[in-house]
Amino acid sequence: MTTYFIRHQKPWLVAQRLFDERRIAIFFDEAPWEDVFDQDAGLPNPRYFTDEYLLGTTRGQVQTYKSALRYINTIRTEGGYIFAEYGGGFIGAANGLGCVLGTIAPGATVENVDGISPVTLQMHPDTTRVISYADFPVLLAIRPQRGTLCVPSRTYGPIARHFLENFPVTPSPDLMHPRMVEQMCVEYLRKIGLRNGEDEWKLDYESIRPGRTMCTIDIAGRLINGTSLFAQVKNAPLEVEVAEQFTNFVPQDAKGVLFSRFDGDIAERTENIMDVSVDHVFECFLGLRRTMIADLIGAPNLL
């Protein structure tokens, strides 16, 4: 099933009731919502996919309404993993901001809840979990910044789904936001270095911090021995063209590190460029700095 993110930016009483009943809903103020769903057919009324029924609204609103209805109908038909926020994310959080993760079974019924919304779907009560972003910061990192009802990217959807299917969370690089993987690799260079703990081959400082938008490198700095260092981080198998671009970028008198997902731990690509497995880095931190992994992915069972 697909993972969906939904944000309920409604008054507190409305959001609280939706949270209490573990429902998701769509709202469109001033829209003529009579008979929006044909309950006998279980389908949205076709007139809601035309522009004419929303005279006076903007074209952007019309497209938003159509998109939300299509998503609701797909969830109703096929089921889905749900990543939901209520009242700006504060309702239901055990400690500040948070969300609800749950599932909706295929063949669910769209229900009209009086005083709330004519278009709601209820999550299965046995599957929902209230999660605080303070405990699981990766979920705060992957939540879409915009959009009322949408499908997170192919990278982020599986992360939210994993929190439903595996709890307590099973530690894995697959649960890390790309920026978190980059930060873990920086700490690896700083704490372990390029030659298994030899101080002179550890990172002294960064000249470019992770998170900048650069296609060729993610990390730049200098080793304690004075050598310039460049690194590229991919939480996936390395593409040939990415490796070639990186190799062409790194000067011969500098060191380059390609972090990616491959079988093995460390391999020498050329005299000045090496491959390091993200899984190897992850396992090193599970042994040396479990608290960092616990904080990055939200796995209190590691502490």
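For this chain, numbers begin at 1 and follow the sequence in order. Treat the numbers as computed from the prediction; the structure is a model and nothing was measured. Any value given below was found using the heavy atoms of this structure, including those in side chains, with hydrogens, waters and symmetry copies removed.
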Original post:
Closest approach of Ile24 and Ala84, non-hydrogen atoms and distance?
Top reply: CG2-CB, 4.4 Å
Original post:
Are Gln232 and Val242 side-chain neighbours, meaning at least one heavy-atom pair lies under 4.5 Å?
Top reply: yes
Subject >> Transitive ILVMFWY side-chain link Trp201 to Val186, under 4.5 Å >> reply: yes
Subject >> Criterion side chain to side chain contact (heavy atoms under 4.5 Å, CB included) on Ile82 and Val100, from CA distance to verdict >> reply: CA-CA 8 Å; Ile82 306 298; Val100 174; over 6 Å; no
**OP:** Give a yes or no on whether the backbone of Leu18 and the side-chain of His8 come within a donor-acceptor separation of less than 3.5 Å.
**Re:** no
**OP:** Report whether Leu121 and Val151 are members of the same hydrophobic cluster (ILVMFWY, side-chain heavy atoms less than 4.5 Å apart, transitive linking).
**Re:** yes
Original post:
Between Glu244 and Asn248, is any side-chain donor less than 3.5 angstrom from a side-chain acceptor?
Top reply: no
**OP:** Nearest 0.5 Å please: distance from the CD atom of Gln122 over to the OG1 atom of Thr109.
**Re:** 10.5 Å
Subject >> Heavy atoms from other residues, nucleotides or ligands near CD of Glu241 exceed 12 (cutoff 6.0 Å) >> reply: yes
**OP:** Compare every heavy atom of Leu139 with every heavy atom of Cys99, then report the nearest pair and how far apart it is.
**Re:** SG-CD1, 4.4 Å
Original post:
Looking at side-chain heavy atoms only, is the closest gap between Met123 and Thr103 below 4.5 Å?
Top reply: no
Subject >> SB check Arg222 Glu206 (cutoff 4.0 Å) >> reply: no
Original post:
Is there side-chain contact between His280 and Ile266, with at least one heavy-atom pair below 4.5 Å?
Top reply: yes
**OP:** Would you confirm whether Ser117, through its side chain, and Ile26, through its main-chain N or O, come within 3.5 Å as a donor-acceptor pair?
**Re:** yes
Subject >> Arg70-Asn73 side chain donor-acceptor pair, cut-off 3.5 Å >> reply: no
Subject >> Residue pair Tyr188, Lys191: steps toward the side chain to side chain contact (heavy atoms under 4.5 Å, CB included) verdict >> reply: CA-CA 5 Å; Tyr188 174 86; Lys191 300 296 182 182; over 6 Å; no
**OP:** Report the C-alpha distance between Val276 and Leu258 in whole Å, list the side-chain angles of each, state the deciding distance to 0.1 Å, and finish with yes or no for side chain to side chain contact (heavy atoms under 4.5 Å, CB included).
**Re:** CA-CA 6 Å; Val276 178; Leu258 285 161; over 6 Å; no
**OP:** Would you check if Glu239 and Lys234 make a side-chain contact, meaning some heavy-atom pair closer than 4.5 Å?
**Re:** no
Subject >> Side-chain (Arg7) to main-chain (Pro144) donor-acceptor, under 3.5 angstrom >> reply: yes
Original post:
Could Asp218 and Arg179 be called an ion pair, given the rule that one side-chain N must be under 4.0 Å from one carboxylate O?
Top reply: no
Subject >> Validation row: Cys284, Ile192 side chains within 4.5 angstrom (heavy atoms) >> reply: yes
Subject >> OG1-OH distance between Thr148 and Tyr71, expressed to the nearest 0.5 angstrom >> reply: 11.5 Å
Original post:
From Phe249 CZ over to Gln245 CD, what is the distance, rounded to the nearest 0.5 angstrom?
Top reply: 11.5 Å
Subject >> Residue pair Gly87 / Gln9: nearest heavy atoms and the distance that separates them >> reply: C-OE1, 4.4 Å
Subject >> Inter-residue atom distance Thr77.OG1 - Ile72.CD1, 0.5 Å rounding >> reply: 10.5 Å
Subject >> Heavy-atom check, side chain of Arg261 versus side chain of Asp279, under 4.5 Å >> reply: yes
**OP:** Grab the two heavy atoms, one from Phe246 and one from Thr216, that are nearest each other, plus how far apart they are.
**Re:** CD1-O, 3.5 Å
Original post:
Where do Asn225 and Asp204 land on the side chain to side chain contact (heavy atoms under 4.5 Å, CB included) test, with the steps shown first?
Top reply: CA-CA 8 Å; Asn225 65 14; Asp204 186 11; over 6 Å; no
Original post:
Does the side chain of Glu85 come under 3.5 Å of the side chain of Tyr133 through a donor N or O and an acceptor N or O?
Top reply: yes
Subject >> Quiz item: cation-pi between Lys255 and Phe230, 6.0 Å / 45° >> reply: no
Original post:
Could you state the interatomic distance from CD1 (Ile224) to CZ (Arg190), rounded to the nearest 0.5 Å?
Top reply: 10.0 Å
Original post:
Which heavy atom in Arg76 sits nearest to a heavy atom in Val110, and how many Å separate them?
Top reply: CD-CG2, 3.6 Å
Original post:
Taking atom CD1 of Ile104 and atom CD1 of Ile75, what is their separation to the nearest 0.5 Å?
Top reply: 5.5 Å
Original post:
Any side-chain heavy atom of Tyr81 within less than 4.5 Å of one from Thr2?
Top reply: no
Subject >> Cluster overlap Phe262 with Val181, hydrophobic side-chain contacts below 4.5 Å >> reply: no
Original post:
Looking only at heavy atoms, what is the nearest atom pair of Pro152 and Phe5, with distance?
Top reply: CD-N, 3.9 Å
Original post:
Do the side chain of Thr227 and the main chain of Leu223 share a donor and acceptor less than 3.5 angstrom apart?
Top reply: no
**OP:** Would you please indicate if the ring centroids of Tyr4 and Phe83 are separated by under 6.0 Å?
**Re:** no
Original post:
Are the side chain of Gln252 and the backbone N or O of Asn272 linked by a donor-acceptor pair below 3.5 Å?
Top reply: no
Subject >> Carboxylate-amine/guanidinium proximity below 4.0 Å for Arg17 and Glu21 >> reply: yes
Original post:
Should Phe259 and Asp275 count as side-chain neighbours, where that means a heavy-atom distance under 4.5 Å?
Top reply: no
Original post:
If only atom types and distance count, is the side chain of Asp265 paired as donor or acceptor with the main-chain N or O of Ser277 below 3.5 Å?
Top reply: no
Subject >> Flag for Thr120-Arg23: side-chain donor and acceptor within less than 3.5 Å >> reply: yes
